[in-house]
Structure formats: structure tokens, C-alpha cells
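Throughout, residue positions are numbered sequentially from 1 according to the sequence presented.
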Amino acid sequence: MGLMRLLTNPKVLPAGVYSIERAWKIAHEVLADKRVFFELEPPGLDAAWIGMMRHKTAGVSSWTDPYLAAFADGYGMRW
């Protein structure tokens with residue numbers, strides 16, 4: 001979800017966004033990569049996510065990024 005949003009967002013890619021069709025193709029390419037895997041949500045994710053959404057810079061378009069950050073933090077991953 002986050003990847004798709006970023007690939008099609010002109011604020012992120014001002015030189016040119018990807019079409020929705022191309023973004024889906026890129027997502028499928030990423031998912032086909034054997035280095036990519038899914039994890040269960042880590043314990044405490046909700047509390048961390050809620051905490052991030054309470055930050056003064058969080059807005060109505062901020063849901064995905066704090067979720068991914070809380071997820072990564074919960075597993076000690078780099079992001």
C-alpha cells in the first residue's frame with residue numbers, strides 16, 4: 001500500500017509519477033523477489049502507531065507511513 005501510494009504521488013516523484021498500471025507491475029516485481037517476505041504484525045504495533053499518529057505533524061494523509069514505521073520499529077528493522 002505504501003509503495004503504491006509513493007509511486008503514484010507527484011509530491012514524492014515530481015519529475016514524473018508512475019501510472020497505476022505501472023505501479024502494480026512494479027509491486028508484482030517486488031513481491032516476486034525472493035528477498036521480499038511478509039511478517040506478522042509485531043506485538044505493541046497498535047500502541048506505537050497510535051503514539052506516532054498523536055505527533056503534532058500527523059495529518060489525515062499520515063496513516064500509512066506511521067504504520068510502516070511502527071511495524072519496522074517493532075521488529076528492530078531499518079526503514
(message) Within this structure, what is the CG-CG distance for the pair L45 and L40, rounded to the nearest 0.5 Å?
(response) 11.5 Å

(request) Let me see the working for D46 and Y67 under side-chain contact (heavy atoms from CB on, under 4.5 Å), right down to the final yes or no. (result) CA-CA 8 Å; D46 288 350; Y67 172 84; over 6 Å; no

(request) Assess whether side-chain contact (heavy atoms from CB on, under 4.5 Å) is satisfied between M52 and D73, documenting all intermediate values. (result) CA-CA 11 Å; M52 290 179 184; D73 286 347; 3.4 Å; yes

(message) So, taking the atom named CZ in R5 and the one named CG in L68, what distance separates them when rounded to the nearest 0.5 Å?
(response) 8.0 Å

(request) Decide if atom CD of E39 counts as having more than 12 heavy atoms of other residues, nucleotides or ligands within a radius under 6.0 Å. (result) yes

(request) Group every Ile, Leu, Val, Met, Phe, Trp and Tyr by side-chain heavy-atom contacts under 4.5 Å, then state whether V30 and F37 land in the same group. (result) no

(request) Can you see which heavy atom on A27 is nearest to which on M4, and at what distance? (result) CB-SD, 3.6 Å

(message) Within the supplied structure, the quantity of interest is the number of heavy atoms (other residues, nucleotides, ligands) at a distance under 6.0 Å from I20 CD1; does it exceed 12?
(response) no

(request) Looking only at non-hydrogen atoms, find the nearest pair between W63 and W49 and report the distance. (result) O-NE1, 3.2 Å

(message) Grouping I, L, V, M, F, W and Y whenever their side-chain heavy atoms are under 4.5 Å apart, do L31 and L3 come out in a common cluster?
(response) yes

(request) Apply ring pair (Phe, Tyr, Trp, His ring centres under 6.0 Å) to Y75 and list each qualifying residue two or more places apart in sequence or on a separate chain. (result) F71

(message) Against L6, only a single residue in L13, V12, T64, V17 fulfils side chain to side chain contact (heavy atoms under 4.5 Å, CB included); can you say which?
(response) V12

(message) Same cluster or not: V36 versus I26, using hydrophobic residues (I, L, V, M, F, W, Y) connected whenever any side-chain heavy atoms lie under 4.5 Å apart?
(response) yes

(request) To the nearest 0.5 Å, tell me how far W24 CH2 sits from T8 OG1. (result) 10.5 Å

(message) Between the side chains of E29 and K25, is the shortest nitrogen-to-carboxylate-oxygen separation below 4.0 Å, so that they form an ion pair?
(response) no

